[in-house]
Amino acid sequence: IHAFGTLTMLRTLSLAHRPLARALSTSATPTVTIAVAGAATPLGKATLAKIAAGEMLGTEQKVALTLLGGDAETASSVKSSPLVASVTSASSPAAAFKGAQFAVLLSGDFAAMGKAMDGADPDVKVAVVGNTNAQVAWQASKIKGKHFSAVTKHVQMLAEKSLAASAGVDVADVSNVIAWGSGIADVSHAIVGGKWALSAGAEPLPAVGEADESIIADAIVGTVKAWVGGTKGDAWVCMGVPAAGDYGTGSGIFFSVPVFCSDGEYFRVGGVHMTAAVAEKLEADRLALLGEAKKAGK
């Protein structure tokens with residue numbers, strides 16, 4: 001098995017009509033609605049601050065925020081941003097997600113929120129913290145396709161930062177880090193400052209530690225930003241998406257894989273070789289996620 005070499009990207013570009021992604025690529029765009037569930041939690045507040053600063057959709061895009069599980073203090077913290085056109089609180093998932101073009105699900109009844117997502121914009125993009133939470137919400141919704149994603153980019157980011165620090169390079173000089181499954185960091189394909197990470201003695205499956213709210217908030221807005229605006233060149237972002245059998249993932253779970261994004265959609269990266277150690281760890285993770293999904297479905 002080759003751990004390094006040219007990666008074959010299996011790309012199937014969509015010709016689907018993507019009005020929202022196209023609209024966001026222009027300088028003069030209408031206000032878009034973003035619903036955040038779990039808004040008053042520490043992660044909710046950190047995420048809202050980054051959205052209000054334009055880190056998710058850009059500094060030219062005005063947003064209308066709908067908060068589920070928010071409070072007056074949380075609303076007040078972001079309403080003064082010049083990018084925030086309005087802030088409203090919702091008393092139910094149905095009210096929160098009605099007409100929403102983006103939704104960020106951090107906490108709450110994920111089945112109820114998934115069901116309520118049927119009233120969202122037809123092209124809604126839903127970022128969820130937790131693979132099983134994403135599976136539960138997706139399963140409860142009539143909206144299938146590529147509308148839901150579990151956020152796993154924080155694991156990718158932590159591994160990238162660790163590699164950059166060890167090599168004394170900028171994080172921008174680190175590429176091809178993968179977050180598999182529920183968040184297993186794999187650097188066996190990583191390039192650091194133009195060199196293969198493993199040639200410099202990096203551990204293929206490093207322990208990256210726990211991410212704090214700031215890192216996870218960065219991952220949330222970064223995931224949506226890539227999803228909407230696209231990834232550059234051969235760069236990828238890792239997202240938890242419905243398992244489709246690739247990489248031995250089976251089905252019935254959300255599983256993080258490397259993807260590239262174009263025209264408002266994500267596409268799996270194919271041809272990524274896997275060592276036996278990585279494959280073994282992924283299989284254990286797959287079984288654990290299946291167990292979680294089965295338990296959550298009862």
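Predicted model only: the values in this text are computed from it and were never measured.
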Please tell me whether Leu106 and Val224 are part of a single hydrophobic cluster in this structure, the criterion being side-chain heavy atoms less than 4.5 Å apart. yes
message = For the backbone of Ala150 and the side chain of Asn131, can you confirm whether one donor and one acceptor N or O come within less than 3.5 Å of each other?
response = no
**No-hydrogen, no-angle side-chain donor-acceptor test under 3.5 Å, Asp212 and Ser214** = no
Between the CG atom in Leu163 and the CG atom in Asn176, the distance rounded to the nearest 0.5 Å is 11.0 Å
Between the SG atom in Cys238 and the OH atom in Tyr266, the distance rounded to the nearest 0.5 Å is 13.5 Å
So NZ of Lys153 and CH2 of Trp227: to nearest 0.5 Å the spacing works out to 14.5 Å
To the nearest 0.5 Å, atom NE2 of His147 lies from atom CD of Glu265 at 8.5 Å
CG (Leu282) and CD1 (Ile184) are apart, to the nearest 0.5 Å, by 5.0 Å
(Q) Tell me whether Lys125 contacts the main-chain N or O of Gly264 through its side chain, where contact means a donor paired with an acceptor under 3.5 Å. (A) yes
Any sub-3.5 Å donor-acceptor pair from Ser162's side-chain atoms to Leu158's backbone N or O?
no
Residue pairs meeting salt bridge (Lys or Arg N to Asp or Glu O under 4.0 Å), one or both in residues 276-287, sequence neighbours left out, come to Glu283-Arg286
| message | Please determine whether residues Ile215 and Val151 belong to a single hydrophobic cluster, defined as Ile, Leu, Val, Met, Phe, Trp and Tyr linked transitively by side-chain heavy-atom distances below 4.5 Å. | response | no
Discussion item. If we ignore hydrogens and angles and just use 3.5 Å, is the side chain of Thr47 paired with the main-chain N or O of Leu43 as donor and acceptor?
Written reply: yes
The reported gap from CZ in Phe260 to CH2 in Trp236 (rounded to nearest 0.5 angstrom) is 12.0 Å
Heavy-atom nearest pair, Phe267 first then Ser262, reads CE1-O, 3.7 Å
- Message: Using side-chain contact (heavy atoms from CB on, under 4.5 Å), reason through Trp180 and Val257 one step at a time and then give a plain yes or no.
- Response: CA-CA 5 Å; Trp180 294 110; Val257 298; 4.2 Å; yes
4.5 Å side-chain heavy-atom contact, Met56 and Gln61
no
**Request:** Compare all side-chain heavy atoms of Val241 with those of Phe255 and state whether any distance is below 4.5 angstrom.
**Result:** no
Query - Whether over 12 other heavy atoms sit under 6.0 Å from Lys146 NZ - result: yes
Flag yes if Val129 and Ile34 sit in one hydrophobic cluster, no otherwise; membership is Ile, Leu, Val, Met, Phe, Trp, Tyr, and two members link when side-chain heavy atoms are under 4.5 Å apart. yes
Q. Do Val208 and Leu198 belong to the same hydrophobic cluster, where Ile, Leu, Val, Met, Phe, Trp and Tyr are linked whenever their side-chain heavy atoms lie under 4.5 Å apart, directly or via other members?
A. no
The complete set of side chain to side chain donor-acceptor pair (under 3.5 Å) pairs with one or both residues in residues 240-261, sequence neighbours excluded, reads Thr152-Ser256, Asp246-Arg268
- Query: Can you find a pair of side-chain heavy atoms, one from Leu205 and one from Asp186, that are under 4.5 Å apart?
  - Reply: yes
Test side chain to side chain contact (heavy atoms under 4.5 Å, CB included), reference Glu160, set Val177, Val192, Asp173, output is Val177
Does the side chain of Val36 reach to within under 4.5 Å of the side chain of Ile51, using non-hydrogen atoms? yes
- Task: Take Asp218 and Lys50 through the test side-chain contact (heavy atoms from CB on, under 4.5 Å) and record every step on the way to the result.
- Result: CA-CA 8 Å; Asp218 277 337; Lys50 293 179 185 297; 2.9 Å; yes
*asked:* I'd like to check Phe102 versus Val228 (side-chain heavy atoms, cut-off strictly below 4.5 Å). Are they in contact?
replied: yes
Between Val269 and Val272, is there a side-chain heavy-atom distance shorter than 4.5 Å?
yes
Problem - Lys98, NZ: over 12 other non-hydrogen atoms inside 6.0 angstrom - result: no
- Item | Thr275 side chain near Pro204 side chain, heavy-atom distance below 4.5 Å | no
Determine, using the 4.5 Å side-chain heavy-atom cutoff (strictly less than), whether Phe97 and Val136 are members of one ILVMFWY cluster. yes
### Message
Assess the residue pair Val87 and Val78 against the criterion (side-chain contact (heavy atoms from CB on, under 4.5 Å)); give the C-alpha distance rounded to whole Å, side-chain angles, the decisive distance to 0.1 Å, and a yes or no.
### Response
CA-CA 8 Å; Val87 184; Val78 293; 4.1 Å; yes
Is there side-chain contact between Met113 and Leu68, with heavy atoms separated by less than 4.5 Å? yes
side-chain contact (heavy atoms from CB on, under 4.5 Å) assessment of Val237 paired with Cys261: CA-CA 8 Å; Val237 62; Cys261 301; 4.1 Å; yes
Heavy-atom closest pair (Thr33 atom, Gly99 atom, distance to 0.1 Å) is CB-O, 4.3 Å
